[in-house]
Number of protein chains: 2
Amino acid sequence: MKRNSRLSLALHTLSHMAGEPGRVRTSADIADHAGTNPVVVRRVLGKLREAGLLTSEKGHAGGWQLAKAADSITLADVYLALDERLVAGSGGDAESSHCSVETGLQSRVAEVLDDIEESLVERLRETKITDVHPSSCSYCGS
Amino acid sequence: MKRNSRLSLALHTLSHMAGEPGRVRTSADIADHAGTNPVVVRRVLGKLREAGLLTSEKGHAGGWQLAKAADSITLADVYLALDERLVAGSGGDAESSHCSVETGLQSRVAEVLDDIEESLVERLRETKITDVHPSSCSYCGS
DNA sequence: GCCTATGTAACAATGAATGTTGCATTCGTC
DNA sequence: GACGAATGCAACATTCATTGTTACATAGGC
């Protein structure tokens, strides 16, 4: 995989799980599907577990599973669980600039970008995982 | 500067220019303010010039200037000029996965992210450069 | 001509994300 | 209780986009 694939990986995985909610999947299975590494999968899905979206079981028949109904999970849940800040993260150091405009107003740019970020989350809240799952999915028969 | 600072740099610069539309600024000046390098500034502002947001003059009294009224420039103009794809860029390779869900449906995840990206641009279109410029700006007196 | 500016290419450095290995732990099964 | 299969986690290696830097060509005003 390439870059910033966490969100994509999470969405793919959750989408698959939405198709077969009962099935327990191992990190290795998921990594195969996603063309990546089991450890990477655990890293990403671990965040989703912390956020209460997934559960994981250790041991022999262990693996990953949805913690709640797929239609109760929105993209915002996933996005926030991963600590993504696609827009607002765009600021540089800023440090303590000697520019009077910057220091005096504390760089309103950051403020504006925060607003945009918030709007993005609001928009993400409108889409559920079930909306991502293909409507005509030959794989899960739905 | 740190990471993905292009958008931030562009916004800061345009915001400053909005305060003193007449003034011509050199890459060096701008780089100083932003704590970066003249060449980097030229790279970023060059994109904005291609998009018709700025003009640049070579030679003795050369430099950068707004190409149009600040209140006619939206954040979407800037975002698109820089070819940012904060959301939709999140896909991995995908290559030709052997997963039937992926191949069969061409990964609807990408579709969804494209939609979100579009929403983001729509949201950016609502904010003008003049909205970024501090309302009580001691520097430019406005 | 000279100085100052942009324009651009080529290369170096940085740093975040990803990939990898190794090992501890936990749980079911024999 | 030993074994195998899974997660959990830490430490390290690798990859790669972005940023930073240097160098030089070009253009324009003095």
Side-chain angles (χ1 to χ4, degrees), chain A residues 1-10 12-13 17 23-51 53-67 82-86 88-95, chain B residues 1-10 12-13 17 23-51 53-67 82-86 88-95:
Chain A
M1 276 208 155
K2 220 179 278 184
R3 191 131 193 299
N4 197 12
S5 53
R6 290 199 305 264
L7 185 60
S8 180
L9 170 59
H12 273 274
T13 305
M17 287 178 166
R23 179 169 164 193
V24 174
R25 294 155 200 265
T26 68
S27 309
D29 283 345
I30 298 168
D32 268 357
H33 270 290
T36 183
N37 188 291
V39 179
V40 175
V41 170
R42 273 175 231 146
R43 274 209 281 255
V44 173
L45 299 197
K47 293 268 193 182
L48 301 186
R49 183 192 50 218
E50 288 173 23
L53 306 182
L54 290 178
T55 60
S56 65
E57 292 292 335
K58 290 183 174 182
H60 187 75
W64 300 84
Q65 211 171 350
L66 287 178
L82 297 178
D83 291 314
E84 299 269 8
R85 300 210 71 194
L86 257 29
S90 298
D93 288 327
E95 41 189 55
Chain B
M1 277 209 155
K2 220 178 277 182
R3 188 129 194 299
N4 195 14
S5 53
R6 290 198 305 265
L7 184 61
S8 180
L9 170 58
H12 273 273
T13 305
M17 288 178 166
R23 179 168 163 193
V24 174
R25 295 155 199 266
T26 68
S27 308
D29 284 345
I30 298 168
D32 268 357
H33 270 291
T36 182
N37 190 291
V39 178
V40 174
V41 170
R42 274 175 233 149
R43 273 208 283 254
V44 172
L45 299 197
K47 292 268 193 182
L48 302 185
R49 184 192 49 219
E50 287 172 23
L53 306 182
L54 290 178
T55 59
S56 65
E57 291 293 335
K58 290 183 173 180
H60 186 74
W64 300 85
Q65 211 171 352
L66 287 179
L82 296 178
D83 291 315
E84 300 269 8
R85 300 209 72 195
L86 258 30
S90 299
D93 289 328
E95 39 190 57

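A quick note: this is a predicted structure, and the numbers were derived from the prediction, not measured.
- Of the candidates D:dT19, D:dT7, C:dT8, the closest approach to any side-chain atom of B:R49 belongs to C:dT8.
- A distance of 11.0 Å separates CG in B:L54 from CZ in B:R25, rounded to the nearest 0.5 Å.
- An OP1 or OP2 oxygen of C:dT6 is reached within less than 4.0 angstrom by a side-chain nitrogen or oxygen of B:S27.
- Rounding to the nearest 0.5 Å gives a distance of 6.5 Å between OG of A:S90 and CD of B:E84.
- One atom, NZ of A:K47, and another, C1' of D:dT7, lie 17 Å apart when rounded to the nearest Å.
- Considering CE of B:M17 and CG of B:L48, their distance stands at 9.0 Å, rounded to 0.5 Å.
- Taking A:Q65 as the reference, A:V24, A:T55 meet the side chain to side chain contact (heavy atoms under 4.5 Å, CB included) condition, with sequence neighbours excluded.
- Remark: B:R49 engages B:S56 in a side chain to side chain donor-acceptor pair (under 3.5 Å) (not counting sequence neighbours).
- Computed from C1' positions of five pairs at each end, the angle between the two local axes of the helix from C:dG1-D:dC30 to C:dC30-D:dG1 equals 10°, rounded to 10 degrees.
- At C:dA17, none of the side-chain N or O atoms of A:S5 fall inside 4.0 Å of OP1 or OP2 (strictly under the cut-off).
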Give me the distances for all protein-to-nucleotides 22-30 of chain C N/O pairs that come in under 3.5 Å?
residue: C:dT26; atom: O2; partner: A:G59; partner atom: N; Å: 3.4
residue: C:dC27; atom: O2; partner: A:H60; partner atom: N; Å: 3.2

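- The CG atom of A:L9 sits 12.0 Å away from atom NE2 of A:H33, with the distance rounded to the nearest 0.5 Å.
- Between B:W64 atom CH2 and C:dT4 atom C1' there is a gap of 15 Å when expressed in whole angstrom units.
- Put simply, the side chain of A:S5 never gets that close to the backbone of A:S8: no donor and acceptor are under 3.5 Å apart.
- Distance CG (A:D83) to C1' (C:dA16): 15 Å, rounded to an integer number of Å.
- In this model, a side-chain donor or acceptor of B:R43 finds a partner on the base of D:dG20 within 3.5 Å.
- Here NE2 of B:H12 is found 12.0 Å from OG1 of B:T36. Values are rounded to the nearest 0.5 Å.
- Applying the side chain to side chain contact (heavy atoms under 4.5 Å, CB included) test to A:R42 and every residue at least two apart in sequence or in another chain returns A:S27, A:P38, A:V39, A:W64.
- Taking atom CG of A:L45 as the reference point, atom C1' of D:dA6 lies 14 Å away to the nearest angstrom.
- When the nearest nucleotides of DNA chain C are assigned to B:A28 and A:V40 by heavy-atom distance, the more 5′-ward of the two goes with B:A28.
- Residue B:S56 has a polar side-chain atom (N or O) positioned under 4.0 Å from OP1 or OP2 of C:dG7.
- Taking the side chain to side chain contact (heavy atoms under 4.5 Å, CB included) definition, one finds that B:A51 meets it with B:L53, B:A81, sequence neighbours left out.
- Within the structure, every side-chain polar atom (N or O) of B:T26 is placed at least 4.0 Å from both OP1 and OP2 of C:dT4.
- For A:L7 and C:dT18, the CG to C1' distance is 16 Å, given to the nearest whole Å.
- Distance B:R25 CZ to C:dT4 C1': 19 Å, rounded to the nearest Å.
- Here the P atom of nucleotide D:dA17 and the CZ atom of B:R85 are 16 Å apart, to the nearest Å.
- Rounded to an integer number of Å, the gap from A:I30 CD1 to D:dA5 C1' is 15 Å.
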